[in-house]
Each structure stands twice: as structure tokens, then as C-alpha cells.
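The structure appears right after this line, and notes come after that.
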Amino acid sequence: MSKPEDISRDESRGYHHRAVEREVQQRWMKNGTFVATEVSDKPKFYCLSMFPYPSGQLHMGHVRNYTLGDVIGRFQRLQGKNVLQPMGWDAFGLPAENAAIKHKVPPMKWTRENIAYMKRQLQALGFAYDWSRELATCEPEYYRWEQWFFLQMFRRGLVYKKAAMVNWDPVDQTVLANEQVIDGRGWRSNALVERRELAQWFLKITDYAQELLDCLDGLDGWPEKIKTMQRNWIGRSEGVQVTFPLPAGQVYESAGLTVYTTRPDTLMGTTYLAVAAQHPLALAAAATNSELQRFLEECSQGKVAEADMAKMEKRGMATGLVASHPLSGEAIPVWVANFVLMEYGSGAVMAVPAHDQRDWEFAVKYGLPIKQVIAPTDVSGETCDISEQAYTSKQGICIHSDEFDGLAFQQAFDAVAEALIQRGLGERQVNFRLRDWGVSRQRYWGCPIPIINCGQCGPVPVPDAQLPVELPTQVEFEGVGSPLKKMPEWYQVPCPQCGASAERETDTFDTFMESSWYYTRFPASGATTGMLDARTKYWGQVDHYVGGEEHAILHLLYARFFYKAMRDAGLVEGDEPFHKLLSLGMVLKDGAKMSKSAGDAGDPQHLMDKHGADAVRMAMMFAAPPEQSFEWSERGVESAERWLRTRLWNTVERHLEAGQVVELKTSTLSAAQKDLRRITHETLAKADDDYGRRLTFNTVVAAVMALMNEVNRFDDESPQGRAVVREALCAAVLIMSPITPHITEVLWQKLTGEAIDKARWLAVDVAALTKTSIELVVQVNGKVRSKFQVDMDMPRDEVEALALQDENVQRFIDGKSIRKVIYVPNKLLNIVVSA
RNA sequence: GCGAAAGUGGCGGAAUUGGUAGACGCGCUGGAUUUAGGUUCCAGUACCGCAAGGUGUGAGAGUUCGAGUCUCUCCUUUCGCACCA
């Protein structure tokens with residue numbers, strides 16, 4: 001047997017990642033190995049990783065994301081599935097504009113160059129993508145269908161324009177969606193967000209709020225965490241809309257003031273009403289009250305982000321108006337309060353200070369009455385002291401509420417609602433926290449909104465025949481605002497309806513639009529006569545979607561909404577776009593998230609050059625389970641390369657050098673041979689489960705390492721010994737192949753003479769898993785005192801007798817009486833003795 | 001404040017159904033090979049203890065023959081939400 005060091009020093013036979021990876025990647029490209037077709041008798045498997053923004057170069061977060069996706073896709077190939085794994089580019093977005101301003105590079109050129117570089121990196125990492133389906137969202141042949149579908153939604157009443165208070169990012173000079181505002185700051189610029197009023201296009205995602213909520217229950221393949229976050233975001237609540245009549249003759253002439261409450265059981269405790277500063281009633285009252293006018297200005301025009309309002313002191317002012325209680329007729333004063341949101345409900349609330357903490361604080365501050373109408377029951381054991389804080393629990397019964405006294409929450413809810421309905425002053429209502437999706441952005445580098453604004457006809461859709469509305473790529477950048485607004489040659493067009501001179505929308509879409517439907521376009525790649533085609537039906541739902549947990553709400557909610565809208569337009573089948581979702585933790589470096597927003601990007605290129613793509617992929621998979629965030633350490637890559645070279649490659653080489661291998665005869669194996677064979681098949685079974693069900697690839701690597709340790713310990717050059725080793729090596733290579741596809745492709749060829757593409761996952765030989773003897777653990781009072789080998793399925797009394805003879809066991813039971821003995825067959829015997 | 005998840009050696013992590021805690025790897029220690037460094041190979045490596053043995057999964061209780069795993073209280077960290085009426 002040759003010594004290992006001989007192999008590692010032999011330049012011609014040793015593992016050289018560069019040569020191996022280049023050769024294998026060229027073979028894949030030449031053979032079109034990963035080009036997917038719709039003609040197959042295998043079950044389809046659509047495996048998708050969230051496409052990247054082409055920022056310039058890959059970072060370690062990309063490497064993790066795409067390796068995990070690739071491992072899943074390649075494992076499914078081995079399982080005999082017809083796998084589609086496409087890749088594309090989420091190519092619109094702010095960094096291209098920033099680069100244009102900074103380096104005087106046109107955004108299209110900058111973006112295409114980045115794509116070219118990052119594509120080479122992805123190819124060097126050996127991902128099994130069908131590159132024939134590559135797409136970039138900034139190309140007109142992609143976004144023309146986005147414009148087309150937007151107009152479909154427009155015709156179906158899912159699109160509207162309104163002047164709205166928007167989150168204005170003063171640094172990026174753009175509008176942000178609520179989801180893009182984090183702690184009052186822009187999600188990308190981190191600038192303090194201001195409030196501004198602009199005319200905006202909106203998509204009616206709220207039409208689908210209930211369905212988006214309900215369908216979450218059916219998404220068994222999604223992490224509970226993500227579903228919870230979406231549920232909270234949608235924020236469904238059940239309540240009652242109550243109208244407080246307004247006596248005539250006041251400055252605000254209206255029959256009543258409508259509020260929304262989830263606690264109609266506390267209606268009798270209402271002591272004042274509060275409206276938002278933007279509420280029409282407040283504006284009317286302010287018209288004759290300059291003090292109030294100043295207060296409203298402070299509330300609305302103060303550059304205050306919504307999220308900051310939470311920390312603000314509660315402030316308010318009486319409007320002078322008085323409403324009457326819908327049931328008791330009592331006079332109820334109307335106040336303006338800065339904590340009431342115009343955007344939610346009706347922009348007005350009934351204040352019940354005894355049972356709502358905000359109302360309580362406000363009432364205490366302004367000396368408003370506090371009337372308790374709910375009392376804790378004796379059973380609940382709760383106490384309340386209204387002078388200290390509000391009693392907000394629903395565990396209690398009504399008091400001081402006339403005919404409702406004694407009712408519990410749900411009874412009181414129903415009874416009050418019924419009383420209001422009968423008087424025509426209320427109705428049951430379901431409310432959502434979710435708001436419609438504002439999709440207009442005052443940016444250049446995005447998909448143009450296909451609308452022409454005509455002075456006569458209003459907003460007119462661009463006719464389908466004129467799509468796409470192409471974004472001009474020859475533009476001047478001055479740094480602030482959109483260049484489109486300075487290009488009359490582009491925006492001045494005749495109205496498609498009346499022919500009068502009109503202007504194009506110069507706003508572009510939120511880039512979340514592109515990523516809301518790209519997964520349906522890969523199957524229909526290149527279709528020129530429609531957004532999608534029959535191939536979309538073949539590939540259907542994405543079977544496994546892989547991406548960062550930071551997209552839990554934004555992207556995943558929009559994509560679900562789009563899919564339902566596409567379904568209702570007859571474009572796709574099914575209700576949900578993503579069957580299973582793998583939500584990745586982040587790759588951290590010195591505590592910072594490794595992604596585009598965090599500066600230091602952690603370019604994997606030098607690691608790939610030095611240690612090879614397989615080593616980088618393996619180190620990434622071995623570091624931690626997918627859902628967990630972890631701090632990246634480059635040391636693991638060196639160690640992965642060492643393992644691939646010394647433990648895997650050299651061991652296979654050594655085995656092959658020793659010559660031919662005879663057929664394995666499982667019936668005549670020695671005990672040691674059976675042991676190795678058992679470990680081989682245990683490893684296969686574990687890898688199968690970890691890859692397919694648990695999605696823990698770190699433990700797959702660990703199991704193969706343990707198997708190879710066994711192979712290296714196994715010293716048996718007999719024909720059957722070598723046959724058992726051959727089987728172990730084949731298993732190790734095959735199991736590793738989704739993670740390290742290059743080296744394993746070469747080794748598989750060497751071991752079997754066949755291409756690994758033709759290989760199927762090895763079947764576990766159940767017979768090989770059986771043991772003839774096991775190590776039995778003997779405990780005394782739960783502490784391990786002895787271990788010995790016994791025959792499998794040895795009867796209890798024999799095991800017990802053996803245990804009681806054991807010297808060490810005797811020491812611990814000596815002089816004590818045995819109270820009971822627990823026997824777990826083939827595992828453990830616990831002798832319980834008294835002191 | 002509310003909600004969710006997580007706390008295991010020097011480090012990353014394993015322990016899947018309540019049954020031997022620390023798999024696998026990194027690092028470290030010793031040895032071999034080497035002119036030397038590196039590479040590679042072998043051995044050791046939770047803590048205390050010469051040993052027998054004892055202790056040990058954030059802290060404390062509980063259930064159990066037996067708890068990293070289940071229950072309760074608390075602490076810490078991370079993430080999400082945050083005047084949503």
C-alpha cells in the first residue's frame with residue numbers, strides 16, 4: 001500500500017481544484033447539462049433562489065443563498081426529478097443611478113457590466129443553472145410585460161391614482177413604501193423620512209388582504225416565523241363602525257362622526273372622541289380657531305415620520321365640537337389628538353380612558369373624565385385600579401352600562417353591535433393594517449409607468465401595441481430628481497384617446513414590481529407573444545424557494561399578491577407562487593450584515609481562486625444550518641480544501657491504484673466488513689433525510705466526514721474488504737456531489753466509469769443496517785456505570801444478569817436494595833436502588 | 001411595551017421520538033516526516049482530580065427511573081412589530 005504523502009506530492013495525480021473545476025464546468029456547458037426541457041417523463045421540480053441585484057460583485061451572502069439552492073436542486077436531480085434552476089437579475093434600482101452620478105457611467109452600461117462580471121462568478125461557483133433562461137429586469141423585453149400586466153390590472157380596477165401623504169426620502173429624492181421605512185428612516189439611505197403629499201399610483205393589495213391572510217394557513221412548507229410576520233403585517237381586526245351623531249349648527253356640518261372600534265363592549269365608557277389632525281372635522285374647526293390651526297400645522301407639517309410618532313408625547317386640543325353618544329345621548333366632546341392616524345380606520349376614535357392606555361394617558365393629561373365600564377370577575381383573579389392605569393383586559397364583565405351590565409366580552413360585543421345596527425348608527429366591520437401598495441417612484445432607473453396624462457381625458461393607458469414604453473438610456477445626470485422630467489422629447493406625446501398633446505408619466509415603478517412576477521417568466525423564457533405561455537403551466541408553482549429572511553414581508557407579500565392577481569387574470573393556475581420556502585439567516589462579518597447595504601461586501605473571489613469553488617461551497621454549507629445567522633470565517637475554506645484533497649481525493653486515488661475490485665458478496669462478510677458497510681448505509685439514510693426533509697446540510701457534511709474516517713481506519717486489502725470500501729467511497733462521493741459538484745464528478749467517473757449525471761441516489765440496503773450486537777449502557781440511578789457488548793435483542797433477564805455481575809455496577813448497588821429496573825431494549829438498563 | 005426564536009467546550013456547531021452530552025470540524029498540545037518553515041501523518045483535547053470519582057447544556061424550581069430536550073419563574077441575546085383604536 002502506497003503512503004499517503006506519496007500521493008499528495010505527486011503533481012500529476014493530486015487534487016488541483018483549478019484544473020478539475022475548469023474541466024467539469026466546460027463539460028457542463030458543452031453538454032448543456034442543466035438546460036431544462038418541458039418534455040420529460042420525470043416529475044418536475046422548480047427550484048429557485050431569489051435573484052440578486054447586480055451590485056458589482058458577489059458577497060458571501062450570495063454564495064450561501066445560491067449554494068443552498070443549488071444543493072437542493074442537485075439533490076432533487078439525483079432523486080430523479082426534472083429540475084429547473086434558473087437565474088436572473090433584479091436589475092433596476094438606486095445604486096445604478098448613484099454610480100451614474102458618481103462615475104458618469106450610464107446606468108444601463110454599469111448594470112450590464114456588473115451582470116457580466118457576477119455571471120462569471122456564479123458560473124465559477126458551478127451552480128446548475130439553466131442559463132438559457134437568464135433574464136434581466138431592466139431589459140425592455142422583460143418589463144414590457146410588466147407594463148402590460150399593470151394595464152390589465154388597471155382595466156380590472158386594481159389600480160388607482162390618488163394624492164397621498166407619502167414617505168419622502170430626502171437623500172434618495174424618492175417616495176418609499178411603508179415597508180421601506182425602518183425606524184423612521186429610509187431602508188437604503190438611512191435618512192430621516194419626511195411626509196409629503198404627491199399624486200401616486202396604487203395597487204389594491206388590500207382587495208386581497210383576507211385571501212393573503214387565509215392562504216397562509218395552507219402554506220405548510222413555509223417557516224412559521226415568516227407566516228406570523230405576514231399575519232401581523234396584514235393585521236386583521238374585527239370591530240364595529242360607530243357613528244356619533246353631531247347636532248346641527250356646529251362648524252362641521254355632518255350627520256355624525258364615524259369611528260372604528262374593536263371594543264364595542266366599552267362603548268358606554270366613551271368620554272371623548274379624538275380625530276386625526278388631517279381629519280375634515282379638525283380642518284373645519286380650525287378654520288375659525290387660529291390656535292387650533294397652529295396646532296394642526298405642528299402635527300401635519302412638522303417633519304415627523306410615522307414611526308417616530310410612537311415615541312412622541314401625546315398631545316391634543318379640543319375642537320369645541322360636541323357629539324352625542326349613540327346609545328345614551330350624552331354630550332361627548334371632540335378633540336384633535338396627535339396619536340390618531342388618518343390612514344387607519346376612519347381617522348377618528350372613540351376614547352375610553354378607563355380601558356385603553358393611550359386614551360387614559362390623554363385623559364389624565366387634559367383632565368377628561370374616566371368612566372369604568374368593565375370590571376374584572378372574581379374568577380379571573382385580575383385586579384384593576386383605574387386611577388393607576390387603564391384596565392385593558394377583555395376578561396371582565398360590563399358595569400355602569402345599563403342593559404349591558406353583567407355581559408362578558410363577546411356577549412357585550414354582539415349586544416352593543418346589535419343595538420347600534422338597530423338605530424342605524426353602526427355596523428360590523430373588519431379592518432386591516434395593510435395599506436394599498438404605492439408603486440410610483442420619482443426615479444429614473446426603473447420601469448416607466450405606461451400611462452399618458454391628458455389634460456382632457458385624464459390618465460390614459462398606453463395602448464398595448466405601443467408597449468413597451470422604453471426607458472431612454474441616453475440621459476444626463478445632475479444628481480437630483482429624475483432626468484426623465486428634463487426630457488420633453490420623451491415625455492411629450494399625443495393623447496392616445498383624443499390626440500391632443502399630453503405627457504407621459506415620468507415616474508417609474510417600485511422595483512418590487514419586477515421581483516413580484518419574475519419567477520413566472522423563467523418558465524416562459526423568451527416568449528414574445530405574451531407575458532407567459534404554456535411552459536409556465538408545466539413548471540407551475542415554485543417547488544422550493546430559497547432566499548434571505550429580510551424579504552419575509554416586502555417581497556414575499558407582494559409576490560403572493562401578484563400571483564393571485566395573475567391567477568384572476570387567467571395567467572397562472574393555483575393560489576400561491578411558492579410551495580416551500582427556505583428562509584436563510586444572514587452571513588455576518590464583525591457583527592455587520594454582509595450585503596449590499598453594509599459596505600464591506602466580503603468578496604468570495606480570492607477564496608475561490610485560492611481554494612476552489614468546491615471548498616468555498618463546502619465550507620459555507622458546513623458552517624451552520626441554513627436558517628441560522630452566523631459569523632463567516634475564512635478558515636473553514638482552507639480546512640474544506642484540505643479535507644477534499646487528503647480525505648476524499650487521495651483516499652479514492654489510493655483505492656483505485658490497488659487495482660480492480662470484485663463484486664460485493666454481502667452474505668459472506670466479516671464482522672468488520674459488515675460494520676463498515678452498515679456505516680455506509682447509515683450515512684446514506686441520514687444524508688437522504690437531512691437533504692430531503694431536514695434541510696440541514698452541515699450535518700450531511702459531518703456524516704460523510706465520519707464515514708471517511710471509518711474508511712481510513714479500515715485496514716483490509718482482501719477482495720471483499722476492497723469491495724466494501726468501494727461501496728463506501730461511491731456513497732461518500734455521491735452524497736457530497738450536491739455540495740461539491742466538481743470534484744465528485746471527476747471521482748465518480750474514476751470510480752464507476754460513468755458520468756454522475758446519469759447517477760441516481762443510492763438505495764439504502766436495509767439489511768446492511770441491522771446489527772448483531774450492540775453496546776448496552778448500564779446505569780445505576782441514572783448514572784452510567786458500565787457499558788458492554790451484548791447480542792442484539794438479548795432477553796431482558798439475561799441482560800440484567802450480566803449487568804448485575806458487572807464489577808463496577810456491583811460497587812454502586814452494594815448494600816442497597818434494588819427498587820426497580822428500567823430496560824430499554826438494545827439501548828440501556830437503569831437499575832434504581834434506594835439509599 | 002407586544003410577539004417569536006435562541007442560550008451547549010477556547011471557537012463553529014452535533015445530539016431528529018425524554019435514554020451514553022460535546023458527533024464533525026477549527027484551534028490548541030505532544031510526537032513522526034522534513035535541512036528548516038509549510039504540507040502531510042499519528043495521538044490527545046468539556047471542567048476539577050494523581051486516581052477512584054465528582055461536576056457540567058444561561059439561573060432557579062418541577063415532572064420522571066432518567067431532562068440539553070417537557071412544565072413554571074427569572075436572566076441575557078437576536079429578530080420582527082410598535083400609538084392600528
Side-chain angles (χ1 to χ4, degrees), chain A residues 3-9 182-183 223-226 228-233 235-237 239 259-263 266 274 306-307 309-312 314 337-341 343-352 356-359 361-362 431-435 549-550 552-553 585-586 588 618-619 622-625 627-633 635-636 638-640 642-643 645-646 650 686 689-690 693-694 696 698-709 712 775-787 808 811 819-824 827-833:
Chain A
K3 288 189 173 177
E5 48 268 38
D6 295 337
I7 296 285
S8 64
R9 287 193 183 162
I182 298 151
D183 283 338
E224 209 51 53
K225 182 183 178 178
I226 306 293
T228 303
M229 283 165 68
Q230 291 216 349
R231 279 190 194 102
N232 290 340
W233 192 264
R236 183 184 193 274
S237 69
V259 303
Y260 172 74
T261 180
T262 55
R263 294 296 302 272
T266 66
E306 242 178 75
M309 288 171 60
K311 291 161 197 136
M312 262 170 44
K314 286 177 181 48
N338 66 346
F339 67 85
V340 180
L341 305 172
E343 295 84 359
Y344 186 77
S346 59
V349 299
M350 60 176 229
V352 186
D356 181 286
Q357 191 59 25
R358 290 158 303 177
D359 298 346
E361 286 170 25
F362 193 85
N431 247 338
F432 294 93
R433 212 187 73 112
L434 183 72
R435 322 265 170 87
E549 66 185 356
E550 65 271 25
I553 299 172
M586 285 184 280
L588 308 167
M618 179 175 164
F622 188 46
E627 305 208 338
Q628 190 175 313
S629 294
F630 72 100
E631 192 130 333
W632 171 246
S633 155
R635 195 164 256 155
E638 196 183 324
S639 130
R642 177 165 57 236
W643 186 85
R645 186 178 68 249
T646 66
N650 289 351
K686 178 175 175 52
D689 191 41
D690 287 356
R693 181 181 64 89
R694 295 213 305 157
T696 53
N698 55 328
T699 53
V700 173
V701 175
V704 176
M705 285 175 165
L707 172 62
M708 291 307 293
N709 290 346
N712 283 310
E775 185 183 57
L776 190 95
V777 172
V778 182
Q779 299 180 330
V780 178
N781 284 353
K783 289 190 199 295
V784 179
R785 296 304 178 189
S786 183
K787 299 172 188 179
N808 204 42
R811 274 181 44 203
R819 285 172 45 209
K820 80 164 129 167
V821 177
I822 310 288
Y823 181 50
V824 183
K827 205 163 225 169
L828 159 150
L829 188 79
N830 186 13
I831 302 167
V832 185
V833 297

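The structure displayed is predicted, hence computed values, not measured ones. These numbers come from the heavy atoms of this one structure, side chains and all, not from hydrogens, waters or symmetry mates.
- Every ring-ring contact (aromatic ring centres under 6.0 Å, His included) that A:F362 has, sequence neighbours left out, goes to A:Y272, A:W335, A:F339, A:Y366.
- Base pairing annotation: B:rG56 forms no Watson-Crick or G-U wobble pair, as no partner gives both donor-acceptor distances under 3.5 Å.
- With P as the reference atom, B:rA14 and B:rA51 are 32 Å apart, rounded to whole Å.
- Here the CZ atom belonging to A:F630 is positioned 8.5 Å from the CG atom belonging to A:L588, to the nearest 0.5 angstrom.
- Counting only heavy atoms from C-beta on, A:A702 has its side chain closest to B:rC24 among B:rC26, B:rC24, B:rA85.
- Side-chain contact between A:V778 and A:R785 is absent, with no heavy-atom pair separated by less than 4.5 Å.
- Distances shown here put every side-chain N or O of A:Y260 at or beyond 4.0 Å from the OP1 or OP2 atom of B:rA85.
- Counting only heavy atoms from C-beta on, A:W233 has its side chain closest to B:rC81 among B:rC24, B:rC81, B:rG80.
- The pairing partner recorded for B:rC70 is B:rG62, the criterion being a Watson-Crick or G-U wobble arrangement whose two distances lie under 3.5 angstrom.
- Taking the P atom of each, B:rC75 and B:rU29 are spaced 42 Å apart, rounded to whole Å.
- Under the Watson-Crick or G-U wobble criterion, with both distances below 3.5 Å, B:rU78 is paired with B:rA4.
- Here A:R358 reaches the OP1 or OP2 of B:rC84: one of its side-chain N or O atoms lies under 4.0 Å away.
- A straight line from CD of A:E549 to P of B:rU78 spans 14 Å, rounded to a whole angstrom.
- Here B:rA51 sits opposite no nucleotide as a Watson-Crick or G-U wobble pair (both hydrogen-bonding atom distances under 3.5 Å).
- Annotation: B:rG66 and B:rU20 have their C1' atoms spaced 12 Å apart (nearest Å).
- Here A:N808 lies in heavy-atom contact (under 4.0 Å) with sugar-phosphate atoms only.
- The existence of a salt bridge linking A:K225 and A:E549 is confirmed by a sub-4.0 Å separation between a basic side-chain nitrogen and an acidic carboxylate oxygen.
- Of the nucleotides present, B:rC28 is the one that pairs with B:rG44 by Watson-Crick or G-U wobble criteria, both distances under 3.5 Å.
- Comparing the same atom, C1', in B:rC24 and in B:rA15 gives a spacing of 12 Å after rounding to whole Å.
- B:rG68 and B:rU8: their P atoms are spaced 15 Å apart (whole Å).
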message: How would you summarise protein contacts on nucleotides 6-22 of chain B per nucleotide, using B for base, S for sugar-phosphate only and - for none, with heavy-atom distances below 4.0 Å?
response: ------BSSSB--BB--

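- B:rU64 sits 34 Å from B:rA52 when the P atoms are compared, rounded to a whole Å.
- Residue A:K783 places at least one side-chain N or O under 4.0 Å from the OP1 or OP2 atom of B:rU55.
- Each of A:N232 and A:V701 was matched to the nucleotide of RNA chain B holding its nearest heavy atom; the match closer to the 5' end belongs to A:N232.
- For A:R433, a side-chain nitrogen or oxygen approaches OP1 or OP2 of B:rA82 to under 4.0 Å.
- Residue contacts for A:V832: at a heavy-atom cut-off of 4.0 Å it reaches the sugar-phosphate backbone alone, with no base atom in range.
- In this structure, A:T228 and A:R785 both approach RNA chain B, and ranking their closest nucleotides by distance from the 5' end singles out A:T228.
- Atom P of B:rG13 sits at a distance of 34 Å from the matching atom of B:rC50, rounded to the whole Å.
- Donor-acceptor pairing under 3.5 Å, judged by distance alone, is present between the side chain of A:K314 and the base of B:rC83.
- Using a 4.5 Å heavy-atom threshold, the side chains of A:S639 and A:F622 count as separate.
- Using N1 to N3 plus N6-O4 or O6-N4 for Watson-Crick, or N1-O2 and O6-N3 for G-U wobble, each under 3.5 Å, B:rU16 pairs with nothing.
- Rounded to a whole angstrom, the distance from the P atom of B:rA21 to that of B:rA46 is 14 Å.
- Summarising the base pairing, B:rC84 is matched to no nucleotide, lacking a Watson-Crick or G-U wobble pair whose two defining distances lie under 3.5 Å.
- For the pair A:V340 and A:G347, the tightest heavy-atom approach, listed with the atom from each and the gap, is CG1-O, 3.5 Å.
- Side-chain contact between A:W643 and A:V704 is present, with at least one heavy-atom pair separated by less than 4.5 Å.
- Within the nucleic acid shown, A:R236 has no heavy atom closer than 4.0 Å to any nucleic acid atom.
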field: Step-by-step side-chain contact (heavy atoms from CB on, under 4.5 Å) determination, A:T266 to A:M350
entry: CA-CA 10 Å; A:T266 66; A:M350 60 176 229; 3.8 Å; yes

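- In this structure A:D356 satisfies the side-chain contact (heavy atoms from CB on, under 4.5 Å) test together with A:R358, A:D359, sequence neighbours excluded.
- Among the atoms of the strands shown, none is found under 4.0 Å from any heavy atom of A:R231.
- Here the nucleotide nearest the side chain of A:T646, chosen from B:rA52, B:rC41, B:rG80, is B:rC41.
- Counting all heavy atoms, side chain and backbone alike, A:A337 lies closest to A:A274 at CB-CB, 4.0 Å.
- Listed nucleotides B:rG25, B:rC84, B:rG3 differ in distance to A:M705; the shortest reach to its side chain belongs to B:rG25.
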